[in-house]
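Okay, structure first, notes after.
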Protein chains: 2
Amino acid sequence: MATQNQELRNAGLKVTLPRVKILQLLEAAEQDSHHLSAEDVYKSLLDSGEDVGLATVYRVLTQFESAGLVVRHNFEGGHSVFEMAKGDHHDHMVCLDSGQVLEFCDPTIEKRQHEIADEMGYEIVDHSLVLYVKPKEK
Amino acid sequence: MATQNQELRNAGLKVTLPRVKILQLLEAAEQDSHHLSAEDVYKSLLDSGEDVGLATVYRVLTQFESAGLVVRHNFEGGHSVFEMAKGDHHDHMVCLDSGQVLEFCDPTIEKRQHEIADEMGYEIVDHSLVLYVKPKEK
DNA sequence: TTATCTGCAAATGGTTTGCAGCCGA
DNA sequence: TCGGCTGCAAACCATTTGCAGATAA
């Protein structure tokens, strides 16, 4: 779609096959509220018969992040995941059993964070809140 | 001090020179509310003329963590820091200008986290909240 | 003595980079 | 055409592991 090509152009990036493909994958994953790792993207591309290198996947994802197209999250264990930047902010809840990642956003917490930083003489540039959970006991 | 040796024994660990030294370093750092990386600990040991390997530092810190003696935090950028487990839980605020790490604990946020997880059918095993901040504008 | 520990070096795993050739504008 | 892009392989960096020798109990 022209929409994607335009997004790339706006970011000052040439419209190339790897970039378009990766952008499509990220948008498709968005439907399943799925967070993709670089490895995930790489494997999907290979499965689709595309011939891209893992290095390119990282380069493209990093460029997308710089362009503000995607957001990168660093979870425990040196693993990073990427998702489309949908404008809204939200935090994450990772299920230690299934590995599933759920999103949530709580105004109360957001508000307190700013109050706390303010009280200590700072302002928040960014923040990361991840809850590591397991299914409630029966 | 005998206190430290006892802590090690309680953890089921032999009282060896590297372990005692590392424990002392961590406790000393506690005074400055300083969070040490494995590399920090390693360098301090070398400066003190001790002959320990970086691998041992990692092994000892990991053992301490398993024993509940220290807590490990994973900040952005694949860096981990360690600090003595003082019983109380707290979150972190990292100043992007100075790199300084401040601690805080907010009951309101803690409470909401549990409520949120509960509402979604989970219980919290662990969580990580880090605020990346900068000094307030004049 | 002997099970545990340690230093060293080599292995790992995720991510980045150098480089020669490729390709979109 | 030509500078940006790509694949490949090698480099990186924090952390882990295998192993033979060292050491606390």
Side-chain angles (χ1 to χ4, degrees), chain A residues 2 4-23 25 35-67 69-82 94 99, chain B residues 2 4-23 25 35-46 48-67 69-82 99:
Chain A
Q4 295 167 341
N5 297 2
Q6 200 49 49
E7 286 183 295
L8 290 176
R9 267 187 273 270
N10 291 342
L13 300 170
K14 278 189 184 173
V15 178
T16 63
L17 199 131
R19 306 224 252 234
V20 174
K21 282 290 174 190
I22 292 176
L23 197 49
L25 273 179
H35 298 63
L36 300 176
S37 67
E39 200 73 26
D40 291 334
V41 173
Y42 178 59
K43 287 198 189 115
S44 292
L45 289 173
L46 290 193
D47 288 348
S48 311
E50 302 298 335
D51 178 34
V52 294
L54 180 54
T56 299
V57 173
Y58 276 106
R59 268 187 295 234
V60 170
L61 287 174
T62 302
Q63 290 160 348
F64 285 2
E65 188 195 7
S66 303
L69 281 176
V70 311
V71 181
R72 178 192 201 129
H73 299 286
N74 300 296
F75 290 161
E76 301 282 312
H79 254 257
S80 295
V81 294
F82 300 82
V94 180
Chain B
Q4 293 167 342
N5 297 2
Q6 200 50 47
E7 286 183 294
L8 291 176
R9 267 187 273 269
N10 291 342
L13 300 170
K14 279 189 184 173
V15 178
T16 63
L17 198 131
R19 305 223 251 236
V20 173
K21 282 291 174 189
I22 292 176
L23 196 49
L25 273 178
H35 298 61
L36 299 177
S37 67
E39 199 74 27
D40 291 334
V41 173
Y42 179 59
K43 286 196 191 121
S44 292
L45 289 174
L46 290 192
S48 310
E50 301 299 335
D51 178 35
V52 295
L54 181 53
T56 299
V57 172
Y58 276 106
R59 267 187 297 233
V60 170
L61 287 174
T62 303
Q63 290 160 347
F64 284 2
E65 188 194 8
S66 303
L69 281 176
V70 310
V71 181
R72 177 191 201 130
H73 299 285
N74 300 294
F75 291 161
E76 301 283 312
H79 255 257
S80 296
V81 294
F82 300 82

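Keep in mind that the numbers below use all heavy atoms, side chains included, and drop hydrogens, waters and symmetry copies. Naming convention: chains lettered A, B, ... in sequence-line order (proteins, then strands); numbering from 1 in each chain.
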What does nucleotides 15-25 of chain D look like as a protein-contact string, B for base, S for sugar-phosphate only, - for none, at under 4.0 angstrom between heavy atoms? BBBB-----BS
Euclidean distance, atom [atom1] of residue [X] to atom [atom2] of [N] [Å, nearest integer]:
| X | N | atom1 | atom2 | answer |
| --- | --- | --- | --- | --- |
| A/Lys43 | C/dG13 | NZ | C1' | 12 Å |
| B/Phe75 | D/dA14 | CZ | P | 16 Å |
| A/Leu61 | C/dT17 | CG | P | 15 Å |
| B/Arg19 | C/dG7 | CZ | C1' | 14 Å |
| B/Glu50 | C/dC5 | CD | P | 19 Å |
| A/Gln63 | C/dT16 | CD | C1' | 13 Å |
| B/Leu46 | C/dG7 | CG | P | 10 Å |
| A/Leu8 | C/dG24 | CG | P | 13 Å |

Is there a donor in the side chain of A/Ser44 and an acceptor in the side chain of A/Asp47, or the other way round, less than 3.5 Å apart? no
Got a second to check how far [X]'s [atom1] is from [Y]'s [atom2], nearest 0.5 Å?
| X | Y | atom1 | atom2 | value |
| --- | --- | --- | --- | --- |
| B/Leu69 | B/Leu13 | CG | CG | 7.5 Å |
| A/Leu36 | A/Lys43 | CG | NZ | 11.5 Å |
| B/Leu45 | B/Lys21 | CG | NZ | 8.5 Å |

For B/Ser80, run the side chain to side chain contact (heavy atoms under 4.5 Å, CB included) check against B/Arg72, B/His35, B/His73, B/Glu65 and tell me which one passes. B/Arg72
Of all heavy-atom pairs linking A/Leu61 and A/Val70, the shortest is O-CG2, 3.9 Å
